[in-house]
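Okay, handing you the structure first.
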Amino acid sequence: MKKTSICAVALILLQGLWLNVGQAEASSTPQRRFKTWTTGTIATTTTTIEEKRAPVALAQQAQPDWKKNLAASAAKKQAATNQQAQEAAWKKNLAASAAKKQAVAKSQSHKESLKAAAKAKQKKNKQKQKDKANKANNITVKEKGRVTYSDGWRMKVAQQKLHRLGYLSEAATGKLTSATQKALERFQKEQRLSVTGKLDDKTYRKLEWEVFSRDGIKNLSGAAVVKEAAKYKGVRYVFGGTTPKGFDCSGYVQYVFKQLHAKVSRTADTQALEGVFVTQRQLKPGDLVFFSTYEPGASHCGIYAGNGRFWNATSSKGVMLCGLQEDYWRKRYYGARRLLISNGEPSI
(Lines give C-alpha, C1' and ligand atoms only; values in the text may rest on other atoms or scores of the structure.)
Protein backbone atom coordinates (compact mmCIF):
# COMPACT_ATOMS: atom_id res chain seq x y z
CA MET A 1 0.00 0.00 0.00
CA LYS A 2 2.74 2.33 0.93
CA LYS A 3 4.60 1.53 -2.30
CA THR A 4 1.53 2.28 -4.36
CA SER A 5 1.02 5.67 -2.65
CA ILE A 6 4.62 6.74 -3.19
CA CYS A 7 4.48 5.79 -6.87
CA ALA A 8 1.27 7.73 -7.31
CA VAL A 9 2.73 10.84 -5.77
CA ALA A 10 5.79 10.58 -7.99
CA LEU A 11 3.65 10.18 -11.06
CA ILE A 12 1.60 13.27 -10.17
CA LEU A 13 4.75 15.29 -9.68
CA LEU A 14 6.17 14.21 -13.06
CA GLN A 15 2.91 15.08 -14.78
CA GLY A 16 2.85 18.50 -13.15
CA LEU A 17 6.43 19.13 -14.16
CA TRP A 18 5.65 18.07 -17.73
CA LEU A 19 2.64 20.38 -17.86
CA ASN A 20 4.67 23.34 -16.49
CA VAL A 21 7.38 22.80 -19.08
CA GLY A 22 4.84 22.70 -21.87
CA GLN A 23 3.16 25.86 -20.64
CA ALA A 24 6.51 27.64 -20.38
CA GLU A 25 7.40 26.75 -23.97
CA ALA A 26 3.94 27.79 -25.25
CA SER A 27 3.93 31.08 -23.38
CA SER A 28 4.94 34.32 -25.26
CA THR A 29 7.09 35.25 -22.27
CA PRO A 30 9.56 32.47 -21.60
CA GLN A 31 9.74 31.38 -17.98
CA ARG A 32 11.81 28.96 -15.97
CA ARG A 33 10.65 27.02 -13.01
CA PHE A 34 12.74 26.42 -9.98
CA LYS A 35 11.70 24.07 -7.28
CA THR A 36 12.22 24.92 -3.73
CA TRP A 37 11.71 22.34 -1.14
CA THR A 38 10.40 23.61 2.10
CA THR A 39 9.42 21.76 5.21
CA GLY A 40 6.71 19.39 4.23
CA THR A 41 5.61 21.35 1.14
CA ILE A 42 6.75 22.03 -2.45
CA ALA A 43 6.88 25.69 -3.59
CA THR A 44 7.82 27.10 -6.96
CA THR A 45 9.61 30.44 -7.78
CA THR A 46 9.19 31.94 -11.27
CA THR A 47 11.95 34.35 -12.69
CA THR A 48 11.74 35.82 -16.20
CA ILE A 49 14.77 35.89 -18.57
CA GLU A 50 14.40 39.67 -18.91
CA GLU A 51 14.77 40.01 -15.17
CA LYS A 52 17.93 37.96 -15.34
CA ARG A 53 19.29 40.01 -18.27
CA ALA A 54 18.37 43.48 -16.92
CA PRO A 55 21.64 44.12 -15.01
CA VAL A 56 23.66 42.98 -18.03
CA ALA A 57 21.62 45.25 -20.33
CA LEU A 58 22.11 48.18 -17.99
CA ALA A 59 25.83 47.48 -17.84
CA GLN A 60 25.97 47.22 -21.64
CA GLN A 61 23.97 50.45 -21.95
CA ALA A 62 26.33 52.28 -19.59
CA GLN A 63 29.43 50.98 -21.38
CA PRO A 64 29.23 53.29 -24.47
CA ASP A 65 28.97 56.43 -22.22
CA TRP A 66 32.08 55.38 -20.33
CA LYS A 67 34.01 54.78 -23.52
CA LYS A 68 32.76 58.09 -24.92
CA ASN A 69 33.89 59.95 -21.79
CA LEU A 70 37.24 58.19 -21.92
CA ALA A 71 37.69 59.11 -25.60
CA ALA A 72 36.65 62.72 -24.89
CA SER A 73 39.12 62.91 -22.01
CA ALA A 74 41.89 61.52 -24.21
CA ALA A 75 41.00 63.97 -27.01
CA LYS A 76 41.05 66.85 -24.51
CA LYS A 77 44.46 65.80 -23.22
CA GLN A 78 45.73 65.49 -26.80
CA ALA A 79 44.36 68.95 -27.66
CA ALA A 80 46.07 70.39 -24.58
CA THR A 81 49.31 68.67 -25.57
CA ASN A 82 49.02 70.00 -29.14
CA GLN A 83 48.33 73.52 -27.85
CA GLN A 84 51.36 73.35 -25.56
CA ALA A 85 53.47 72.14 -28.49
CA GLN A 86 52.18 74.98 -30.69
CA GLU A 87 52.86 77.55 -27.96
CA ALA A 88 56.36 76.16 -27.50
CA ALA A 89 56.98 76.29 -31.27
CA TRP A 90 55.57 79.85 -31.42
CA LYS A 91 57.80 80.97 -28.54
CA LYS A 92 60.78 79.31 -30.20
CA ASN A 93 60.04 81.05 -33.52
CA LEU A 94 59.48 84.34 -31.72
CA ALA A 95 62.81 83.99 -29.91
CA ALA A 96 64.54 83.08 -33.19
CA SER A 97 62.95 86.07 -34.94
CA ALA A 98 63.99 88.40 -32.10
CA ALA A 99 67.52 86.99 -32.20
CA LYS A 100 67.63 87.48 -35.97
CA LYS A 101 66.40 91.07 -35.68
CA GLN A 102 68.93 91.74 -32.94
CA ALA A 103 71.69 90.27 -35.10
CA VAL A 104 70.62 92.42 -38.07
CA ALA A 105 70.43 95.53 -35.86
CA LYS A 106 73.83 94.73 -34.39
CA SER A 107 75.24 94.23 -37.89
CA GLN A 108 73.75 97.53 -39.09
CA SER A 109 75.02 99.29 -35.99
CA HIS A 110 78.45 97.81 -36.59
CA LYS A 111 78.38 98.94 -40.23
CA GLU A 112 77.29 102.44 -39.20
CA SER A 113 80.03 102.54 -36.57
CA LEU A 114 82.60 101.49 -39.17
CA LYS A 115 81.26 104.07 -41.60
CA ALA A 116 81.35 106.80 -38.94
CA ALA A 117 84.85 105.76 -37.92
CA ALA A 118 86.01 105.84 -41.55
CA LYS A 119 84.43 109.26 -42.02
CA ALA A 120 86.03 110.56 -38.83
CA LYS A 121 89.38 109.14 -39.91
CA GLN A 122 89.05 110.74 -43.33
CA LYS A 123 88.18 114.07 -41.75
CA LYS A 124 91.10 113.75 -39.35
CA ASN A 125 93.51 112.95 -42.19
CA LYS A 126 92.20 115.88 -44.20
CA GLN A 127 92.69 118.19 -41.23
CA LYS A 128 96.16 116.76 -40.75
CA GLN A 129 97.06 117.54 -44.35
CA LYS A 130 95.64 121.02 -43.95
CA ASP A 131 97.57 121.59 -40.73
CA LYS A 132 100.69 120.32 -42.44
CA ALA A 133 100.18 122.71 -45.33
CA ASN A 134 99.49 125.57 -42.92
CA LYS A 135 102.63 124.73 -41.00
CA ALA A 136 104.64 124.70 -44.21
CA ASN A 137 103.22 128.11 -45.05
CA ASN A 138 103.65 129.39 -41.48
CA ILE A 139 99.88 129.93 -41.09
CA THR A 140 99.31 129.96 -37.36
CA VAL A 141 95.73 131.15 -36.83
CA LYS A 142 92.54 131.32 -38.90
CA GLU A 143 90.59 134.29 -37.66
CA LYS A 144 86.94 134.83 -38.50
CA GLY A 145 86.90 136.46 -41.90
CA ARG A 146 90.59 136.37 -42.70
CA VAL A 147 93.77 134.34 -42.43
CA THR A 148 96.41 135.46 -39.99
CA TYR A 149 99.96 134.42 -40.81
CA SER A 150 103.04 134.18 -38.65
CA ASP A 151 105.34 137.17 -38.84
CA GLY A 152 107.85 135.32 -40.99
CA TRP A 153 105.31 134.21 -43.57
CA ARG A 154 103.55 137.57 -43.64
CA MET A 155 106.86 139.31 -44.17
CA LYS A 156 107.70 136.91 -47.00
CA VAL A 157 104.37 137.61 -48.73
CA ALA A 158 104.93 141.38 -48.29
CA GLN A 159 108.40 141.08 -49.82
CA GLN A 160 106.92 139.23 -52.82
CA LYS A 161 104.34 142.00 -53.26
CA LEU A 162 106.99 144.72 -52.90
CA HIS A 163 108.99 142.91 -55.57
CA ARG A 164 105.89 142.69 -57.81
CA LEU A 165 105.34 146.44 -57.44
CA GLY A 166 109.02 147.23 -58.11
CA TYR A 167 109.97 148.40 -54.61
CA LEU A 168 112.31 145.52 -53.76
CA SER A 169 114.85 143.60 -55.81
CA GLU A 170 116.20 141.06 -53.33
CA ALA A 171 114.67 137.59 -52.84
CA ALA A 172 111.93 137.12 -50.29
CA THR A 173 113.33 135.58 -47.09
CA GLY A 174 110.68 136.37 -44.49
CA LYS A 175 113.16 138.49 -42.54
CA LEU A 176 113.05 142.27 -42.14
CA THR A 177 116.29 143.27 -43.87
CA SER A 178 117.48 146.84 -44.30
CA ALA A 179 116.51 146.67 -48.00
CA THR A 180 113.00 145.52 -47.08
CA GLN A 181 112.70 148.28 -44.48
CA LYS A 182 113.67 150.94 -47.02
CA ALA A 183 111.21 149.47 -49.56
CA LEU A 184 108.42 149.62 -46.97
CA GLU A 185 109.23 153.25 -46.09
CA ARG A 186 109.09 154.22 -49.74
CA PHE A 187 105.80 152.41 -50.31
CA GLN A 188 104.24 153.94 -47.17
CA LYS A 189 105.29 157.42 -48.23
CA GLU A 190 103.82 157.08 -51.75
CA GLN A 191 100.55 155.64 -50.39
CA ARG A 192 100.34 158.38 -47.74
CA LEU A 193 100.58 155.96 -44.83
CA SER A 194 102.50 156.41 -41.60
CA VAL A 195 106.16 155.98 -42.56
CA THR A 196 107.58 153.50 -40.04
CA GLY A 197 109.45 150.97 -42.16
CA LYS A 198 107.42 148.28 -40.34
CA LEU A 199 104.85 145.88 -41.72
CA ASP A 200 101.66 146.93 -39.90
CA ASP A 201 98.12 145.89 -40.87
CA LYS A 202 97.36 148.99 -42.94
CA THR A 203 100.56 148.66 -44.92
CA TYR A 204 100.01 144.96 -45.53
CA ARG A 205 96.41 145.44 -46.73
CA LYS A 206 97.43 148.32 -48.98
CA LEU A 207 100.12 146.12 -50.51
CA GLU A 208 97.46 143.42 -51.09
CA TRP A 209 95.18 145.85 -52.89
CA GLU A 210 97.87 147.40 -55.06
CA VAL A 211 98.96 143.99 -56.29
CA PHE A 212 95.35 142.85 -56.66
CA SER A 213 94.49 145.93 -58.72
CA ARG A 214 97.07 144.71 -61.23
CA ASP A 215 96.39 140.96 -61.08
CA GLY A 216 92.71 140.82 -60.12
CA ILE A 217 89.67 140.25 -62.35
CA LYS A 218 89.25 143.25 -64.66
CA ASN A 219 86.36 144.47 -66.80
CA LEU A 220 83.71 142.47 -64.98
CA SER A 221 80.92 143.98 -62.90
CA GLY A 222 79.29 142.52 -59.83
CA ALA A 223 75.86 142.86 -61.45
CA ALA A 224 76.97 140.63 -64.36
CA VAL A 225 78.23 137.99 -61.93
CA VAL A 226 74.96 137.99 -59.96
CA LYS A 227 72.90 137.79 -63.15
CA GLU A 228 74.89 134.75 -64.30
CA ALA A 229 74.63 133.13 -60.87
CA ALA A 230 70.83 133.43 -60.89
CA LYS A 231 70.57 131.44 -64.16
CA TYR A 232 71.28 128.20 -62.34
CA LYS A 233 68.59 128.45 -59.68
CA GLY A 234 67.32 124.99 -58.75
CA VAL A 235 70.24 123.01 -60.19
CA ARG A 236 70.67 120.00 -57.94
CA TYR A 237 73.57 119.54 -55.54
CA VAL A 238 76.21 116.96 -56.44
CA PHE A 239 79.33 116.58 -54.33
CA GLY A 240 82.27 117.35 -56.64
CA GLY A 241 79.90 118.71 -59.31
CA THR A 242 81.17 121.47 -61.61
CA THR A 243 78.48 121.65 -64.33
CA PRO A 244 74.75 122.46 -64.55
CA LYS A 245 74.10 118.71 -64.30
CA GLY A 246 75.01 119.13 -60.63
CA PHE A 247 77.08 121.59 -58.54
CA ASP A 248 78.81 121.61 -55.22
CA CYS A 249 79.37 125.05 -53.64
CA SER A 250 82.82 125.88 -54.99
CA GLY A 251 82.16 124.15 -58.33
CA TYR A 252 79.17 126.44 -58.76
CA VAL A 253 81.20 129.60 -57.99
CA GLN A 254 83.98 128.51 -60.34
CA TYR A 255 81.51 127.74 -63.15
CA VAL A 256 79.73 131.12 -62.86
CA PHE A 257 83.01 133.03 -63.17
CA LYS A 258 84.21 130.74 -65.96
CA GLN A 259 81.14 131.64 -68.05
CA LEU A 260 82.24 135.28 -67.72
CA HIS A 261 85.83 134.43 -68.76
CA ALA A 262 87.24 134.87 -65.27
CA LYS A 263 89.46 132.32 -63.58
CA VAL A 264 88.74 131.18 -60.00
CA SER A 265 90.30 128.22 -58.15
CA ARG A 266 88.34 125.01 -57.52
CA THR A 267 87.81 124.62 -53.74
CA ALA A 268 86.32 126.87 -51.06
CA ASP A 269 89.45 126.97 -48.91
CA THR A 270 91.64 128.08 -51.86
CA GLN A 271 89.05 130.59 -53.10
CA ALA A 272 89.16 132.11 -49.60
CA LEU A 273 92.79 133.04 -50.23
CA GLU A 274 92.12 134.85 -53.52
CA GLY A 275 91.47 138.56 -53.93
CA VAL A 276 91.38 140.82 -50.90
CA PHE A 277 89.61 140.62 -47.56
CA VAL A 278 86.40 142.63 -47.01
CA THR A 279 84.20 142.93 -43.95
CA GLN A 280 80.50 142.02 -44.08
CA ARG A 281 79.64 145.72 -44.09
CA GLN A 282 81.87 146.30 -47.09
CA LEU A 283 80.27 143.55 -49.20
CA LYS A 284 79.21 144.36 -52.74
CA PRO A 285 77.43 142.20 -55.35
CA GLY A 286 79.91 139.78 -56.91
CA ASP A 287 82.05 139.38 -53.77
CA LEU A 288 82.50 135.88 -52.39
CA VAL A 289 81.21 134.88 -48.94
CA PHE A 290 82.50 131.91 -46.93
CA PHE A 291 81.15 129.72 -44.14
CA SER A 292 82.42 127.01 -41.79
CA THR A 293 79.96 124.14 -42.24
CA TYR A 294 81.17 120.53 -42.20
CA GLU A 295 84.74 121.39 -41.14
CA PRO A 296 86.66 124.32 -39.62
CA GLY A 297 87.76 127.14 -41.89
CA ALA A 298 86.23 128.01 -45.26
CA SER A 299 84.28 124.84 -46.19
CA HIS A 300 81.31 126.48 -47.98
CA CYS A 301 81.06 129.49 -50.30
CA GLY A 302 78.61 131.61 -52.27
CA ILE A 303 78.27 134.74 -54.40
CA TYR A 304 76.97 137.86 -52.67
CA ALA A 305 73.89 139.25 -54.48
CA GLY A 306 73.22 142.38 -52.39
CA ASN A 307 70.69 143.22 -49.67
CA GLY A 308 72.18 140.65 -47.32
CA ARG A 309 71.53 137.70 -49.67
CA PHE A 310 73.79 135.37 -51.60
CA TRP A 311 73.59 132.64 -54.24
CA ASN A 312 74.98 129.24 -53.29
CA ALA A 313 74.67 125.50 -54.01
CA THR A 314 73.12 123.97 -50.91
CA SER A 315 73.24 120.24 -50.22
CA SER A 316 69.51 120.18 -49.38
CA LYS A 317 67.87 122.23 -52.15
CA GLY A 318 70.58 122.81 -54.74
CA VAL A 319 71.30 126.31 -56.08
CA MET A 320 69.24 128.90 -54.22
CA LEU A 321 69.24 132.39 -52.76
CA CYS A 322 69.86 132.56 -48.99
CA GLY A 323 70.16 135.30 -46.40
CA LEU A 324 73.28 136.08 -44.38
CA GLN A 325 71.10 136.78 -41.34
CA GLU A 326 69.34 133.42 -41.47
CA ASP A 327 70.16 131.61 -38.24
CA TYR A 328 72.07 128.76 -39.90
CA TRP A 329 74.31 131.01 -42.04
CA ARG A 330 74.74 133.73 -39.43
CA LYS A 331 76.22 131.23 -36.97
CA ARG A 332 78.59 129.78 -39.57
CA TYR A 333 79.78 132.95 -41.32
CA TYR A 334 83.54 132.83 -41.88
CA GLY A 335 84.39 135.88 -44.00
CA ALA A 336 84.42 137.43 -47.46
CA ARG A 337 86.84 138.13 -50.30
CA ARG A 338 86.73 140.57 -53.20
CA LEU A 339 87.82 139.25 -56.59
CA LEU A 340 86.47 142.05 -58.81
CA ILE A 341 88.59 145.16 -59.23
CA SER A 342 85.45 147.03 -60.26
CA ASN A 343 84.04 146.63 -56.76
CA GLY A 344 86.76 148.98 -55.51
CA GLU A 345 89.25 148.99 -52.71
CA PRO A 346 87.83 148.20 -49.28
CA SER A 347 88.44 150.93 -46.74
CA ILE A 348 91.29 150.29 -44.35
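Sequential numbering from 1 along the given sequence is applied to the chain's residues. Owing to the predicted nature of the structure, the values given are computational and were not obtained by experimental measurement.
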CD/Q280 to CD/Q325 distance, rounded to the nearest 0.5 angstrom?
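Answer for the CD-CD pair, Q280 versus Q325, is 5.5 Å.
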
Could you tell me whether the side chains of S299 and T293 share a donor-acceptor contact shorter than 3.5 Å?
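The criterion, which ignores hydrogens and geometry beyond distance, is satisfied for T293 and S299.
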
Apply the hydrophobic cluster definition, ILVMFWY joined by side-chain contacts under 4.5 Å directly or through others, and give me every member besides V276.
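Reading the cluster by chain and number, V276 sits alongside W209, F212, I341.
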
Considering the options Y304, Y333, F291, Y252, which one meets the ring-ring contact (aromatic ring centres under 6.0 Å, His included) requirement together with F310?
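Option passing the ring-ring contact (aromatic ring centres under 6.0 Å, His included) with F310: F291.
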
Looking at Q254, is its backbone amide N or carbonyl O close enough to the side chain of R266 to form a donor-acceptor pair, meaning the two atoms are under 3.5 Å apart?
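Such a contact is absent between R266 side chain and Q254 backbone.
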
With a 3.5 Å distance limit and no angle check, can you tell me whether S97 reaches the backbone of N93 through a side-chain donor-acceptor pair?
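No; zero donor-acceptor contacts below 3.5 Å.
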
Spacing of C322 atom SG and R309 atom CZ [to the nearest 0.5 Å]
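If we round to the nearest 0.5 Å, C322:SG and R309:CZ are 10.5 Å apart.
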
Is there a side-chain contact between F290 and H300, using heavy atoms and a 4.5 Å cut-off?
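Not in contact.
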
Residue pair I303 / L288, side-chain heavy-atom distance below 4.5 Å:
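When only atoms from C-beta onward are counted, L288 and I303 do touch, with a gap below 4.5 Å.
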
Checking R214 now: which residues fulfil salt bridge (Lys or Arg N to Asp or Glu O under 4.0 Å) with it, not counting sequence neighbours?
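In terms of salt bridge (Lys or Arg N to Asp or Glu O under 4.0 Å), with neighbours along the sequence ignored, R214 is linked to no residue.
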
Would you tell me whether E170 and T177 have side-chain atoms, one donor and one acceptor, within less than 3.5 Å of each other?
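Their side chains do contain a donor-acceptor pair, which is all the 3.5 Å distance test asks for.
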
CA sep, side-chain torsions, deciding dist, call: L199, L184, side chain to side chain contact (heavy atoms under 4.5 Å, CB included):
CA-CA 7 Å; L199 187 61; L184 285 170; 4.1 Å; yes

In terms of side-chain heavy atoms, does Q78 have a donor or acceptor partner in N82 at a distance below 3.5 Å?
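Side-chain D/A pair, Q78 to N82: present.
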
Tell me, do L283 and L324 make a side-chain contact under 4.5 Å, heavy atoms counted?
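Result yes, sub-4.5 Å side-chain heavy-atom pair found.
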
Within the 4.5 Å heavy-atom criterion, are R154 and D201 side-chain neighbours or not?
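Answer yes - side chains close enough.
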
Do the non-hydrogen side-chain atoms of Q259 and K231 ever get within less than 4.5 Å of each other?
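When only atoms from C-beta onward are counted, K231 and Q259 do not touch, as no gap falls below 4.5 Å.
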
We want to know whether S347 and Q282 form a side-chain donor-acceptor pair, criterion being a heavy-atom distance below 3.5 angstrom.
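Present: a donor and an acceptor within the cut-off.
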
